[in-house]
Amino acid sequence: QVPLVESGGGLVQAGGSLRLSCAASGRTFSRYAMGWFRQAPGKEREFVAALSWTIGRILYADSVKGRFTISRDNAKNTVYLQMNSLKPEDTAVYYCAADNSIRLGVGTADYAYWGQGTQVTVSS
């Protein structure tokens with residue numbers, strides 16, 4: 001098990017910024033692929049961004065490219081999602097995910113471990 005705890009969500013006006021954090025436990029955190037997903041009411045959970053330290057690769061959904069940045073601090077066992085230029089359509093519950101895989105996936109099935117989610121609301 002890899003317990004994941006998200007934080008940093010909240011209410012922000014359109015154009016504003018938020019930084020989400022995901023704290024993970026486990027000595028092999030640096031080997032895990034880490035991802036962020038989001039789920040808006042009535043919609044499927046969708047990929048936002050993912051990062052693999054092992055293969056040095058980062059992926060973003062087209063809808064967030066240029067606005068969101070994923071990063072990690074292995075010393076703190078934490079992955080971040082910096083969200084800038086937020087739009088009302090970014091409103092969703094944001095989930096952190098992890099998988100002990102060298103492959104960097106963009107589907108929910110690619111990740112074995114999930115956090116409880118943190119709400120992000122962007123007002124117009």
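Atom set for the values below is all heavy atoms of this structure, side chains included, hydrogens, waters and symmetry mates excluded.
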Here the pair of heavy atoms bringing T78 nearest to K76 is OG1-O, 2.8 Å
Test of understanding: with side-chain contact (heavy atoms from CB on, under 4.5 Å), list the residues that count as partners of Q119, not counting sequence neighbours.
T91, V93, T121
Measure the spacing between CG of N77 and CZ of R72 and express it to the nearest 0.5 Å.
9.0 Å
Minimum-distance pair of heavy atoms, taken over all atoms of G9 and L20:
N-CD2, 3.6 Å
CZ on R19 to OG1 on T69, rounded to 0.5 Å
11.5 Å
S124 to A14 - nearest heavy-atom pair and separation
CA-CB, 4.4 Å
Over all heavy atoms of both residues, which pair between A92 and A40 is shortest? Give the atoms and the distance, please.
CB-N, 3.8 Å
Taking Y80 as the starting point, is it possible to reach L59 by hopping between hydrophobic residues whose side chains are less than 4.5 Å apart?
no
Is the backbone of G105 close enough, under 3.5 Å, to the side chain of Y111 for a donor and an acceptor to pair up by distance?
yes
4.5 Å side-chain heavy-atom contact, C96 and W114:
no
Within-4.5 Å side-chain heavy-atom neighbours: V64 and M83
no
Of the non-hydrogen atoms in Y95 and G115, which two are nearest, and what is the gap between them?
CD2-O, 3.6 Å
Taking C-beta and beyond as the side chain, do Q116 and E6 meet within less than 4.5 Å on heavy atoms?
yes
Where the side chain of Y60 meets the backbone of G66, is there a donor-acceptor pair that is under 3.5 Å apart?
no
Mind checking whether S63 and R38 have side chains closer than 4.5 Å, heavy atoms only?
yes
Should the pair D90-K87 be classified as a salt bridge under the 4.0 Å nitrogen-to-oxygen rule?
no
Please work out whether the ring planes of F47 and F37 are parallel, tilted or perpendicular, with thresholds of 30° and 60°.
perpendicular
With side chains defined as the heavy atoms from C-beta onward, is the minimum distance between V79 and L51 less than 4.5 Å?
no
If you compare all heavy atoms of R67 against all heavy atoms of S85, which two are closest, and at what distance to 0.1 Å?
NH1-O, 3.0 Å
Rounded to the nearest 0.5 Å, how far apart are CG of L18 and OG1 of T118?
9.0 Å
To the nearest 0.5 Å, tell me how far S52 OG sits from Y32 OH.
13.0 Å
Minimum side-chain heavy-atom gap D110-D99 below 4.5 Å
no
Kindly compute the distance separating CE (M34) from OG (S71), expressed to the nearest 0.5 Å.
11.0 Å
Does some side-chain heavy atom of F68 sit less than 4.5 Å from a side-chain heavy atom of W36?
no
